Amino acid sequence: MNKFLRSFTFRLTLWYTFIFCLSSLIAFAVFYFLIDSELQRRTDHALRNQVEEIGRIYQLHGLDSAVSIARLQAEAAGEKRAFFRMFYRTGVVFASANLDRWNRVVMNRVALKALFSGKSVFLETQHLDGGNTCNRIRVIYKRLGREVVLQWGVSLDQEQALLETFRKVFFGVMVPLFACALAVGAFMARRAMSGVDRIGRTARRISEHDLDSRVPVGRRGDEIDELAITFNQMLDRIQSLVSNIRCMTDNIAHDLRSPITRIRGMAEVTLARSSKMGPGREQEVLDDFVQMAADIIEECDRLLDMIATMLAISRTESGIDQLERRPVDLAAMVEQACELFRPVAEDGSINLSLDLGSAGCIVNGDIRMLQRMVANLLDNALKYTPPGGKVVISLDGSAKGDPQDMQDMVVLTISDTGCGIEGRHLPHIFERFYRGDQSRGTAGSGLGLSLAQAVARAHGGRIEVESEAGRGTTFKVLIPKA
Ligand code: ADP
């Protein structure tokens, strides 16, 4: 019960009903006020005509005729409906209708004052309390002659009765309407919340380890459907992240096992050999241990390097490591990288050439990360190109970005005439630890391209690759211009 009272559906229902009742009440109040003022306007209009007519007769035929006409018209309207009084300025009444019902109607001093200071007529409403009813009377005053005043009044009983009926009808209709509003409100609230329920149910199923569940998307295209689509997209992303993590832990387990096994093997072999050696061969045993220590250090360095690269990729991809951005001249940086790798190229008899465009190639980036990216790509190009091959690095700062790019891009191209990448490997080369068949005999961890791509993306860019097995590979790095 407590849960229901706190539920959004319940509160929404209450709000619907409250708003419905409030707007009905406001509409009622407005109509009531309009009808009341219209009735009063009509009554006042009739009263004015009435006294104006008597005033005219007074002017034309004198006081007696005016009294007779007033009496006749009061009788015609009915004793219960209208009355009149004629009195002098002093307040002495000299003619009136039957005042049995009206003797409590007062002669208002303010009205007399207003009339004798120039006002042609004066209107007021008087309230006569009679037991538990309160009768309203509309009264008009008109000055007929120098000292003579006419007071004419009508009962507002009929108007009051009409308004009373209106009130009763309204409240009579409001009770069933209120029940109706409650039912419609509950229905609409349930309908509005049904989508949220759907999403809630799916979230519960997922929390119970069913990551494959998706929220059914309706066909209305409303906010709830949009929420469901966004929720499903988020689930897709989470699922892909989870499978990435799973894949990565598998890879880590697999890739760390080999060096650790190697380290263990070295230690085991050295120990076994030393135990077999007899006395007098201490120097040989010592040399074995020194060699083992050197090998272990080398393996550990490789392992540490791999772990550091994995961390760098994760931190760059997740944005944990904020890039230290500042303007970087890519041309100068690429030139330095080329000089650094030239000895490697010469060792492998590879022709390494550089083609720097004329336009400025300044990007806003983290120079250390960009250097690592360029070094990885250059290292790969030299590693997978046989002796006699060619590696060309070019930079284009005047390239117009594709329509998909919001900004102009600097394009760095590294192409080689190496072994190339087979089509079936191409979609996977940016995955962590992925190594193609041709890389079996070469050193590497399968992390270089993952890091390069993470760096390019962190700078708002991307890497594209084109390759033909046996002919060569071209990597294009696109980074937004500063
Ligand atoms: P690795 O340490 O194996 O070089 P990378 O992540 O740098 O790892 O590259 C992934 C794979 O992509 C490599 O194993 C190789 O098969 C392929 N590859 C990358 N660059 C080239 C290239 N220039 N030519 C041919 N194959 C390449």
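These figures come from a predicted structure and were not determined experimentally. Order of appearance sets the numbers: ligands from 1, and atoms from 1 within every ligand.
Between V121 and the options D44, I140, L47, a side-chain contact (heavy atoms from CB on, under 4.5 Å) holds for only I140.
Of all atoms in ligand 1, listed by their number and element, those nearer than 4.0 Å to a heavy atom of G444 are 2 (O). Residue-ligand proximity, I429 to ligand 1, at heavy-atom distances under 4.0 Å covers atoms 10 (C), 12 (O). Close approach to G446 involves these atoms of ligand 1, each under 4.0 Å from a residue heavy atom: 1 (P), 2 (O), 3 (O), 6 (O), 8 (O). Against a heavy-atom cut-off of under 4.0 Å, I421 is close to the following atoms of ligand 1: 18 (N), 25 (C), 26 (N), 27 (C). Listed by atom number, the atoms of ligand 1 under 4.0 Å from K383 heavy atoms are 1 (P), 2 (O), 4 (O). Counting the atoms of ligand 1 from 1 in the order shown, those under 4.0 Å from a heavy atom of Y434 are 10 (C), 11 (C). Close contacts between ligand 1 and G448 involve ligand atoms 5 (P), 6 (O), 7 (O) [criterion: under 4.0 Å to a heavy atom].
Nearest protein neighbour of atom 7 (O) of ligand 1, counting heavy atoms only, is N380 ND2, 2.7 Å. Counting only heavy atoms of the protein, atom 3 (O) of ligand 1 lies nearest to R435 NE, 2.6 Å. Among all protein heavy atoms, the one lying closest to atom 5 (P) of ligand 1 is L449 N, 3.6 Å. Considering only non-hydrogen protein atoms, atom 23 (N) of ligand 1 sits nearest to D416 OD2, 3.0 Å.
Assignment of F430 to the shell around ligand 1 is not supported, since no heavy atom sits closer than 4.0 Å. Heavy atoms of S445 come nearer than 4.0 angstrom to ligand 1 in at least one pair. Within the structure, the closest approach of N376 to ligand 1 does not fall below 4.0 Å when heavy atoms are considered.
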- Message: One pair to check against salt bridge (Lys or Arg N to Asp or Glu O under 4.0 Å): K476 and E464. What are the steps and the verdict?
- Response: CA-CA 5 Å; K476 260 188 194 171; E464 292 171 359; 5.2 Å; no
- Query: Should Q291 and D287 be marked as a side chain to side chain donor-acceptor pair (under 3.5 Å) after you check the CA-CA gap, both sets of side-chain angles, and the distance that decides it?
  - Reply: CA-CA 6 Å; Q291 182 58 43; D287 288 347; over 6 Å; no
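In this structure, L426 and I421 approach most closely via the heavy-atom pair N-CG2, 4.0 Å. The two residues T9 and T13 come nearest to each other via the heavy atoms O-OG1, 2.7 Å.
Contacts of T473 with ligand 1, taken as heavy-atom pairs under 4.0 Å, involve the side chain alone. Residue contacts with ligand 1, taken as heavy atom pairs separated by less than 4.0 Å, do not involve D379 at all.
Checking only distances, G436 does come within under 3.5 Å of ligand 1, N or O to N or O. Remark: ligand 1 and A443 share no N or O pair separated by less than 3.5 Å (distance only, no angle test). Considering backbone and side-chain N/O of Y384, one or more are found under 3.5 Å from N/O of ligand 1.
For K390, the NZ atom sits in a loose shell: 12 or fewer heavy atoms of surrounding residues, nucleotides or ligands are nearer than 6.0 Å. Applying the 6.0 Å contact sphere to CZ of R48 captures no more than 12 heavy atoms from other residues, nucleotides or ligands.
Taking the six-membered ring where the residue is Trp, the centroids of F178 and F20 are separated by 6.0 Å or more. Aromatic ring centres of F166 and F31 lie farther apart than the 6.0 Å criterion allows.
A salt bridge does not link D408 with K481: every distance from a Lys NZ or Arg NE/NH1/NH2 to an Asp or Glu carboxylate oxygen is 4.0 Å or more. Here R214 pairs with D236 in a salt bridge; the nearest charged N to carboxylate O distance falls below 4.0 Å.
Expressed to the nearest 0.5 Å, how far CZ of F475 lies from CD of E466 amounts to 11.0 Å.
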